[in-house]
Structure formats: structure tokens, C-alpha cells
Amino acid sequence: EDQVTQSPEALRLQEGESSSLNCSYTVSGLRGLFWYRQDPGKGPEFLFTLYSAGEEKEKERLKATLTKKESFLHITAPKPEDSATYLCAVETAGRRALTFGSGTRLQVQP
Amino acid sequence: DGGITQSPKYLFRKEGQNVTLSCEQNLNHDAMYWYRQDPGQGLRLIYYSQIVNDFQKGDIAEGYSVSREKKESFPLTVTSAQKNPTAFYLCASSADRNYGYTFGSGTRLTVV
């Protein structure tokens, strides 16, 4: 059974304090790893897709990396507007639908 | 503008009632999905459909039913067999993994 585990469950940062969120996975035949941002009461918003170990993608203050066992979402000099829940998901060869982790709730204080 | 629309935004269900959640997209996406989200948790897959007139069960399909008669529409029925239906329901569609899924704004269902 595919498993996706995110840590920490919650993270509180001061504005400008860089950190990383972790997504570890145990799957058969990874086809892609996805990162989403979700604001309260809204649907998730797509951030990145990573396909193979060693791949990196960046968008503004966010950078996602992928190894054979985990992915990291690095947040550089965060701002209060980066506060949200960040979700990790995987797509595998066995199923053409995403399996999500439970998310990391990020709060950035001014 | 292209997008995915869920309605209603809030829905209240009495015990023993079936209710149907609407999901419509004008993105010309082939694949559509239904997820359930409980407070403080991630998304769990209920049903998904890769093409019209075909759909597959997800991890928590019991007590739910779907249809896919049109490419644009993927309604979800929450039946009386679903014992704990109170949750936030999200519909999504996709065409290309490079751009991920496009999600609707969700329907919050409450049992009263």
C-alpha cells in the first residue's frame, strides 16, 4: 500500500526564518511527486511536480527537491502570506490518481 | 475563464437522506476526481474517472456513488449508507501531470 508521510504536522516561523518541510514516501513505481498549497476553506493550489531523484524546481521563495525516498519543500525568507497548509502527493504506476499526505500547517509571523 | 465549479458551497443533510454534490469543469480535461478532507487531515480519494462512462473506486468509496455521463460533469452522491458524511468534499480535474490537478473550491457537508 502506498504511504505518504509529512513532517512536521505544524510549523511556526518568524518572517525571514528559512526552513524545510519533509515528505517521505513508500510506493511502488513512482510516476510523480506533487506539492500543493491549501488556504483554509479552499481547494489546494498546484505548486510543483517532480519526476525523478535529483530533480529540483523553484517558484519565488519555494524550492522543491526529490530523492528516492523523500521530498523537501524549502522555504527561503518566508513572509506572512506564505502561511498555509502544504500538501504532498504521489502518483504511482498502479493508480492514475494522487495519494496525499496529511499536510504541514505553516504559520509565518511578522 | 476556464475552471472547475462545485455546488453548493454548504450543504446540510438529515439522517437517512441521499444528497448529490455537483462538479462541473470547462477545462476540457478528461480525468476527474473526488476527494474527502476531514479537519486537520489530508485528502482521501473517493472515486475517479479517466474517461466518460468509466470510473474507479478510490480508498473510501463505501457509501458514495458517482456517474460520468458527460466529460464536463462528475456528480457525487452521498448515500444514507455513509455513516460519517460530515466533511469537506473536493472535486478536481486534470489533463497533464506537468500542471497537476485543478481543484474546485469545495463543498462542506454537514449532517444535522
Side-chain angles (χ1 to χ4, degrees), chain A residues 1-10 21 23-25 27 29-52 55 57 59 62 64 66 71 84-107, chain B residues 3-10 21 23 25 27 29-51 54-61 66 68 74 87-110:
Chain A
E1 181 180 329
D2 299 334
Q3 287 195 337
V4 181
T5 303
Q6 292 189 246
S7 62
E9 290 186 10
L21 313 182
C23 172
S24 63
Y25 60 90
V27 301
L30 181 72
R31 297 185 75 233
L33 186 139
F34 299 73
W35 281 98
Y36 287 83
R37 169 194 171 122
Q38 185 178 26
D39 293 304
K42 297 187 177 181
E45 175 186 342
F46 172 72
L47 293 173
F48 305 108
T49 307
L50 302 168
Y51 294 105
S52 57
E55 188 175 1
K57 288 191 176 175
K59 180 180 179 179
L62 301 176
L66 181 65
S71 176
T85 295
Y86 290 86
L87 297 165
C88 167
V90 297
E91 183 183 12
T92 64
R95 185 165 79 172
R96 300 297 297 275
L98 297 184
T99 299
F100 282 83
S102 56
T104 293
R105 296 187 306 279
L106 174 66
Q107 184 177 7
Chain B
I4 184 164
T5 302
Q6 291 187 242
S7 62
K9 189 172 178 66
Y10 300 96
L21 283 60
C23 178
Q25 55 101 356
L27 299 166
H29 287 174
D30 287 314
M32 297 187 73
Y33 312 84
W34 275 105
Y35 286 88
R36 167 181 172 145
Q37 188 173 34
D38 293 287
Q41 298 188 29
L43 281 63
R44 292 185 289 166
L45 182 67
I46 305 173
Y47 270 98
Y48 63 106
S49 169
Q50 296 293 324
I51 56 172
D54 188 43
F55 48 83
Q56 289 76 41
K57 293 182 179 180
D59 300 317
I60 56 166
V66 294
R68 187 85 187 278
F74 192 39
F88 189 47
Y89 290 86
L90 287 159
C91 180
S93 67
S94 72
D96 185 331
R97 285 187 295 148
N98 289 320
Y99 301 99
Y101 290 7
T102 299
F103 280 87
S105 56
T107 293
R108 190 167 300 278
L109 174 63
T110 303

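Letters A, B, ... mirror the listed sequences (proteins, then strands); counts begin at 1.
When heavy atoms are compared at a cutoff of 4.5 Å, Arg44(B) does not approach chain A at all. The parts of Tyr101(B) that come within reach of chain A are both its backbone and its side chain, each placing non-hydrogen atoms under 4.5 angstrom from that chain. For Gln50(B), the part lying near chain A is the side chain, with the backbone staying farther off; criterion is any non-hydrogen pair under 4.5 Å. Of the two parts of Gln37(B), only the side chain, counted from C-beta on, holds a non-hydrogen atom closer than 4.5 Å to a non-hydrogen atom of chain A.
At least one side-chain heavy atom of Tyr35(B) sits less than 4.5 Å from a side-chain heavy atom of Phe100(A).
Of all the listed residues (Ser102(A), Ala89(A), Cys88(A)), the one sharing the greatest number of non-hydrogen pairs under 4.5 Å with chain B is Ser102(A).
For the atom pair CZ (Arg95(A)) and CG (Leu45(B)), the distance works out to 5.0 Å, reported to the nearest 0.5 Å. A distance of 9.5 Å separates CG of Leu98(A) from CG of Leu43(B), quoted to the nearest 0.5 Å.
Heavy atoms of other residues, nucleotides or ligands lying less than 6.0 angstrom from NZ of Lys57(A) number more than 12.
Taking the six-membered ring where the residue is Trp, Phe103(B) and Tyr36(A) present perpendicular rings, their angle passing 60° and hence far from 30°.
Across every non-hydrogen atom of Leu90(B) and Pro44(A), the tightest pair is CD1-CD, 3.8 Å.
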